[in-house]
Amino acid sequence: MSYIGKEDEVQQRPYWRWSKVDFLPEESFQNWNTYLSALSQIYSRFNDRLLSRSDDANEITQLRKQSENDMKRCLTWWDLTWFGFGSVIGAGIFVLTGQEAHHHAGPAIVLSYVASGISAMLSVFCYTEFAVEIPVAGGSFAYLRIELGDFVAFITAGNILLESIVGGAAVARAWTSYFATLLNRQPDSLRIPKGNYLLDPIAVAVLAIAATIAMISTKKTSQLNWIATALNTLVILFVLIAGFAHANTSNLTPFLPHGAKGIFQAAAIVYFAYGGFDSIATMAEETKNPSRDIPLGLLGSMSIITVVYCLMALSLSMMQKYTEIDPNAAYSMAFQSVGMKWAKYLVALGALKGMTTVLLVGALGQARYTTHIARAHMIPPWFALVHPKTGTPINATLLITISSGLIAFFSSLDVLASLLSLSTLFIFMMMAVALLVRRYYVREVTPGINQLKLVIFLLVIIASSMGTSAYWGLRPNGWVGYVVTIPLWFLGTMGISIFLPQQRTPKVWGVPLVPWLPSLSVVINIFLMGSLGPPAFIRFGICTVAML
């Protein structure tokens, strides 16, 4: 990888510049001859990308030089904890709880949140170990590039960018809908009809404001997030206190109207109310003491969020019979049923504030993902530049915000919702695999026979997990298939535990019970992926081929 000029010369270059070398610095793009020559070497270049892997030192030290200026180390565990709340607690808990309690789980929706919370915590464990060991802005992209190579990292980068752009647009348009509800108007009333589209300038404005705050200062963004999240916490406390004050235990009967199947069907959906925590790992580069602050901030916030979600689900189930829960406005209608009609405005305000912090923290995390992807030259390195005064990646923030704004103005692209869910679960699954690789394989240290064993055991774990997911989809009431797939998963994990010595020990904080917890994360994420249906996989395949 080439660097532009000497380091002292690079520092003197202005931040705002537009030369070709800032966008296409590689030799392949110097002229048409070099480009055609590069095209003739596609096979060898692809083979090199397929097999090459980065390392800790390259990600932590060398790649950061591409940004020319360092991000400011200004965050503590307190900031990360509130970032955790801000990035995760959005509208999902208010929307998905009633929907899944009514259609699938009944009062057992609380168990669905427990199951999905455990799954989310397993992924959080993996992210935390990597973020402590490799404190860079790239998050999962950097971790997978080190352990699984450039090819997997490239597919991950494409999915991260797609999630950032389309996901941001969807949340921004949902913000407009909730704002209209708060004004006691129809959800689409603030949009402008134009042909087949409902134009949404408010969504664009909200995205622009969140991005501007994120570009000005990471610390100021943290302070604003703290204030907004604290207000949202007050709304949640009101929901819990008022909900349990009007609770009726008879509403919990029958507790399992649709059996275990209903619990897991709902768990696959409400799992996405836990999404967003991966943004915290991207802030490791700006954290004062990553080895202490990241475990406290990430694990602490997610543990509290899991408890809060379970209590909110329980309060709703005890306020209203699950058959009477309104799947479109669960909490608002539940409060109305106990004579608190005015509470629907408070619920809308809580959801609105939740989405505001999701956009705010998302603007930070998505830009840092993009910055590190640009450092690796998978997109033009101009987007890797960090502004010398603000210490923030302004170019990367603009890329995501402008792209999201263009989509949000015309449509939220709801057709891609299941694709985004699938890509998120795919990255979480690969993170668990990467952690197993990190613990049991070190280049030029691990014997070839142990490397072969690790590959075989991982393939057994992944294949048995896919088998379990497929059997659940085809025969949800069956049991014969599990007699084969679950023991295979157990044997694959047991094989790693018994026959392979760990090659690397975490320096500060590590995932406990390795290989069992990462392997369990693999099977749960694949199981949840299988619940999304064939269209999501078709779209995922098309997008992956397009990226390649």
Side-chain angles (χ1 to χ4, degrees), residues 46 49-50 92 96 116 119-120 122-123 126-127 138-145 147-171 264-265 267-279 362 365-366 369-370 373 378-379 400 403-404 407 411-434 458-459 461-474 521-548:
F46 180 79
R49 279 279 180 169
L50 188 63
L96 298 177
S116 56
S119 174
L122 292 175
S123 294
C126 297
Y127 270 89
S140 54
F141 167 75
Y143 314 147
L144 294 176
R145 190 164 180 255
E147 300 305 333
L148 301 182
D150 274 350
F151 181 72
V152 172
F154 181 81
I155 294 174
T156 302
N159 281 285
I160 288 171
L161 292 173
L162 185 67
E163 282 179 44
S164 301
I165 293 167
V166 179
V171 175
F264 288 112
Q265 278 184 321
I269 302 300
V270 302
Y271 178 83
F272 302 108
Y274 289 95
F277 64 82
D278 53 313
S279 293
Q366 292 157 6
Y369 269 129
T370 307
I373 292 169
M378 290 194 180
I379 60 175
I400 298 299
S403 302
S404 289
I407 293 174
S411 169
S412 60
L413 289 184
D414 293 332
V415 70
L416 294 181
S418 60
L419 168 62
L420 299 185
S421 301
L422 180 61
S423 64
T424 300
L425 290 169
F426 172 76
I427 292 171
F428 289 171
M429 183 272 291
M430 295 305 290
M431 281 290 295
V433 172
L458 286 175
L459 288 175
I461 290 170
I462 293 170
S464 60
S465 301
M466 292 171 67
T468 301
S469 179
Y471 189 73
W472 170 266
L474 295 171
S521 182
V522 171
V523 70
I524 291 176
N525 281 305
I526 290 178
F527 181 82
L528 293 175
M529 286 166 69
S531 70
L532 294 173
F537 285 90
I538 293 170
R539 291 168 190 149
F540 182 78
I542 292 171
C543 285
T544 301
V545 170
M547 290 169 197
L548 294 175

Check Leu422 against Ala536 and note the closest heavy-atom contact, atom names and distance.
CD2-O, 3.4 Å

Only counting residues at least two apart or in another chain, list the ones meeting side chain to side chain donor-acceptor pair (under 3.5 Å) with Thr424.
Glu163

With side chain to side chain contact (heavy atoms under 4.5 Å, CB included) as the criterion, how do Leu425 and Tyr271 come out once you've worked through the C-alpha distance, each side chain's angles and the decisive distance to 0.1 Å?
CA-CA 10 Å; Leu425 290 169; Tyr271 178 83; 3.4 Å; yes

For Val152 and Glu147: C-alpha separation, side-chain torsions, deciding distance, then whether side chain to side chain contact (heavy atoms under 4.5 Å, CB included) applies.
CA-CA 9 Å; Val152 172; Glu147 300 305 333; over 6 Å; no

Starting at CZ of Phe46, measure out to CZ of Phe151 and round the result to the nearest 0.5 Å.
4.5 Å

Nearest heavy-atom contact between Asn159 and Ser423 is OD1-CB, 3.0 Å

In this structure, OG of Ser464 is separated from CD1 of Ile526 (nearest 0.5 Å) by 8.0 Å

From Asn525 atom CG to Leu122 atom CG, the distance as rounded to the nearest 0.5 Å
8.5 Å

Value rounded to 0.5 Å, distance of OG1 in Thr156 from CZ in Phe154:
10.5 Å

So which heavy atom on Ala169 is nearest to which on Ser404, and how close?
CB-O, 3.5 Å

Rounded to the nearest 0.5 angstrom, the CZ-OG distance for Phe428 and Ser119 is 8.5 Å

If I take atom OG from residue Ser140 and atom CG from residue Asp278, how far apart are they, to the nearest 0.5 angstrom?
6.0 Å

Heavy-atom count around Phe527 CZ within 6.0 Å, excluding the residue itself: above 12?
yes

Carefully, step by step, assess Ile165 and Ile400 under the rule side chain to side chain contact (heavy atoms under 4.5 Å, CB included).
CA-CA 6 Å; Ile165 293 167; Ile400 298 299; 4.1 Å; yes

Yes or no on side chain to side chain contact (heavy atoms under 4.5 Å, CB included) for Ile461 and Ser465, after CA distance, side-chain angles and deciding distance?
CA-CA 6 Å; Ile461 290 170; Ser465 301; 4.3 Å; yes

Residue list, side chain to side chain donor-acceptor pair (under 3.5 Å) with Gln366, at least two apart or on another chain:
none

Compare every heavy atom of Ala157 with every heavy atom of Met378, then report the nearest pair and how far apart it is.
SD-CB, 4.5 Å

Between Phe277 and Ser123 the two heavy atoms that sit nearest each other are CZ-CB, 3.8 Å

Is it true that atom CE of Met466 has more than 12 heavy atoms of other residues, nucleotides or ligands lying nearer than 6.0 Å?
no

Could you pull out all residues at least two apart from Thr468 that satisfy side chain to side chain donor-acceptor pair (under 3.5 Å)?
Thr485

